[in-house]
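Here is the structure we will look at, set down as structure tokens.
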Amino acid sequence: MKQRNQEIEMKKRVLVSGGTGYIGSHTAVELQNNGFDVVIADNLSNSKIEVLDGIEGITGIRPLFDKVDLSRKNECDEFFKRYDDIEAIIHFAASKAVGESVENPLLYYRNNINSLINILEAMKEHNIPNLVFSSSCTVYGQPNKLPVTESTPRKEAESPYGNTKSICEDIIRDVVKAHPELKGIALRYFNPIGAHPSSKIGELPLGVPNNLIPFLTQTVAGIRSELSVFGNDYNTPDGSCIRDYINVVDLANAHVVAIERLLQDRNKNNYEYFNVGTGSGVSVLEIIESFERSTGEKVPHKIVGRRAGDIEQIYADTSFSNQELGWKAEKSLDETLLSAWNWQKTL
């Protein structure tokens, strides 16, 4: 433990872009709980500054915060001039709604790709060697074989959002190949849900939620009239889409492990990628059943038509990330959905 603490002392500061967002805020908490110094960059386009209060309430430490749009090169450059002691970056900041990306692809290409390019240029200029990238299982498209492993071929994306993740992965791979002093890890998330057990932070989308769980909890809370289940005619046991739903705190801890891997120079190549999920597929209707079982609340819902950009089913084989990272998802689905409901009740 003493040696590990000394290693952490040597690492110091991590930039969390998009750190007031859902996954970013939980990752900031876990980084601080593991001894890292966190600075958050966020333009607050889909989050609230009050999230910093929640982070501080959990850890006792208020992370440094800078309101900045990293997709704008001048703002990005000025940010890195202000913070010249960053040793690693976790890049979350991106637009993330599948449906919205189908309707407004240029927004997604501009925001998601430009921000990464600007960050990589800043890494070269300011000698910041380490990057963990927030990727997605959407890079696999609708795979021919399940579960998905890291050797599963990527497919043409089903949405512009998914395509930006594939493009960004390729950019990182090419840049670290051209600049061996840089290292990158892409974490391919499956479906993060739930909230911190303290109920001080959780998923808080602005406006109408695009993701299943906040829409579900808002429906049960009476904010929405009913939950729409997009399709019951898929080739799955109950006809609804299947996803691999991972607790957001488990996901956050995967980022801590990835940062430690980079800072301790334990990665085997300059660019690596890992699946981050539970290894189990759960349908939308099973989510509703689990929520009702764990909370005692009923979920008003109806079946509607399929949604553009959705794939039928996907879930992870996590054995590679479990072995290589020494990380594993631990929290149950019932526990996770109860945490989401407890968070909703604080709003």
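Salt bridge Lys328/Asp250: absent, no basic N to carboxylate O contact under 4.0 Å. Between Asp77 and Lys73, at least one side-chain N (NZ, or NE/NH1/NH2) sits under 4.0 Å from a carboxylate O, which counts as a salt bridge. Taking the charged nitrogens against the carboxylate oxygens, Glu150 and Arg188 have no contact shorter than 4.0 Å, which rules out a salt bridge. Under the 4.0 Å criterion applied to side-chain N and carboxylate O atoms, Asp66 and Arg82 are assigned as salt-bridge partners.
Outside the 6.0 Å centre-distance limit, the rings of Phe291 and His301 are not counted as a close aromatic pair. Aromatic ring centroids of Phe190 and Tyr315 lie 6.0 Å or more apart.
Distance check, rounded to the nearest 0.5 Å: NZ of Lys145 to CG of Asp317 gives 10.0 Å. From Lys331, atom NZ reaches atom CG of Leu251 across 12.5 Å, with rounding to the nearest 0.5 Å. For the atom pair CG of Leu116 and CD1 of Ile89, the computed distance is 10.0 Å after rounding to the nearest 0.5 Å. A distance of 8.5 Å separates SG of Cys76 from CD of Glu121, quoted to the nearest 0.5 Å. Rounded to the nearest 0.5 Å, atoms CD1 (Ile55) and OG (Ser198) are 11.0 Å apart. Separating the CG atom in Leu131 from the CD1 atom in Ile172 is a distance of 5.0 Å, to the nearest 0.5 Å.
Side chains of Leu337 and Arg293 form no contact here, defined as non-hydrogen atoms less than 4.5 Å apart. Side chains of Lys302 and Val229 form no contact here, defined as non-hydrogen atoms less than 4.5 Å apart. The shortest side-chain heavy-atom distance between Cys168 and Ile113 falls under the 4.5 Å cut-off. Residues Asn270 and Leu182 have side chains not in contact (no heavy-atom distance under 4.5 Å, counting atoms from C-beta outward). With contacts defined as side-chain heavy-atom distances shorter than 4.5 Å, the pair Leu70/Asn118 does not qualify. A 4.5 Å side-chain heavy-atom check between Arg266 and Glu260 finds at least one atom pair inside the cut-off. Considering only heavy atoms from C-beta on, Phe133 stays 4.5 Å or farther from Ile171 through its side chain. A 4.5 Å side-chain heavy-atom check between Phe65 and Leu44 finds at least one atom pair inside the cut-off.
No side-chain donor-acceptor contact under 3.5 Å links Gln313 and Thr236. Counting only N and O atoms by type, the side chains of Tyr161 and Glu100 include no donor and acceptor under 3.5 Å apart. Looking only at atom types and distance, the side chain of Thr278 has a donor-acceptor partner in the side chain of Asp244 under 3.5 Å away. A donor atom on one side chain and an acceptor atom on the other are not found under 3.5 Å apart for Arg13 and Tyr83.
Side chain of Asn275 to backbone of Val148: a donor-acceptor contact under 3.5 angstrom is found. Here the side chain of Lys165 pairs no donor or acceptor atom with the backbone of Val139 at under 3.5 angstrom. With hydrogens and angles ignored, the 3.5 Å screen pairs a side-chain donor or acceptor of Ser339 with a backbone N or O of Ala195. Glu75 contributes a side-chain N or O that, together with a main-chain N or O of Asp69, makes up a donor-acceptor pair within less than 3.5 Å. Judged purely by atom type and a 3.5 angstrom limit, Ser17 uses its side chain to pair as donor or acceptor with the backbone of Phe92. In this structure, the side chain of Ser159 engages the main chain of Gly162 through a donor-acceptor pair within 3.5 Å. Under a 3.5 Å cut-off, the side chain of Arg110 and the backbone N or O of Ser71 do not form any donor-acceptor pair. Using modelled atom types, one side-chain atom of Asn112 and one backbone atom of Ser95 make a donor-acceptor pair closer than 3.5 Å. Judged purely by atom type and a 3.5 angstrom limit, Gln32 uses its side chain to pair as donor or acceptor with the backbone of Ile61. A donor-acceptor contact shorter than 3.5 Å is absent between the side chain of Ser240 and the backbone of Ser283.
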Which is it for Ser115 and His91 under the side-chain contact (heavy atoms from CB on, under 4.5 Å) test, yes or no, and what are the steps along the way? CA-CA 9 Å; Ser115 60; His91 181 41; 3.3 Å; yes
Evaluate the criterion side-chain contact (heavy atoms from CB on, under 4.5 Å) for residue pair Asn43 and Arg72; output intermediate values, then yes/no. CA-CA 11 Å; Asn43 66 359; Arg72 299 179 182 273; over 6 Å; no
Quick one: do Ser294 and Asp334 satisfy side-chain hydrogen bond (donor to acceptor under 3.5 Å, both in side chains)? Show the steps, please. CA-CA 5 Å; Ser294 61; Asp334 282 9; 4.9 Å; no
Does the side-chain contact (heavy atoms from CB on, under 4.5 Å) test come out yes or no for Tyr245 and Leu212, once each step is laid out? CA-CA 11 Å; Tyr245 294 95; Leu212 171 62; 3.5 Å; yes
Would you check, one step at a time, whether the test side-chain contact (heavy atoms from CB on, under 4.5 Å) holds for Ile23 with His255? CA-CA 10 Å; Ile23 306 171; His255 292 81; 4.3 Å; yes
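Classification of the His26-Tyr22 ring pair by plane angle, with boundaries at 30° and 60°, yields perpendicular.
The ring pair (Phe, Tyr, Trp, His ring centres under 6.0 Å) with Phe320 is formed by just one residue from the set Phe274, Trp327, Tyr273; it is Phe274.
Counting heavy atoms of neighbouring residues, nucleotides and ligands inside a 6.0 Å radius, atom CZ of Arg173 exceeds 12 of them. Within 6.0 Å of NZ on Lys155 lie more than 12 heavy atoms contributed by other residues, nucleotides or ligands. Atom NZ of Lys48 has 12 or fewer neighbouring heavy atoms from other residues, nucleotides or ligands inside a 6.0 Å radius.
Considering all non-hydrogen atoms of both residues, Ala88 and Ile128 come closest at N-CG2, 4.0 Å. Taking both residues in full, the closest heavy atoms of Ser135 and Ala186 are given as CB-CB, 4.2 Å, listed atom of the first, atom of the second, then distance. The two residues Glu158 and Gly141 have their closest heavy-atom pair at CG-CA, 4.5 Å. The two atoms that bring Val220 and Lys298 nearest to each other are CG2-O, 3.7 Å, heavy atoms only. Shortest non-hydrogen contact noted between Leu206 and Ser45 is CD1-O, 3.8 Å. Residues Glu181 and Pro129 share a closest heavy-atom pair of O-CB, 3.3 Å.
Ile311 and Leu285 fall into different hydrophobic clusters, where Ile, Leu, Val, Met, Phe, Trp and Tyr are joined by side-chain heavy atoms under 4.5 Å apart, directly or via other members.
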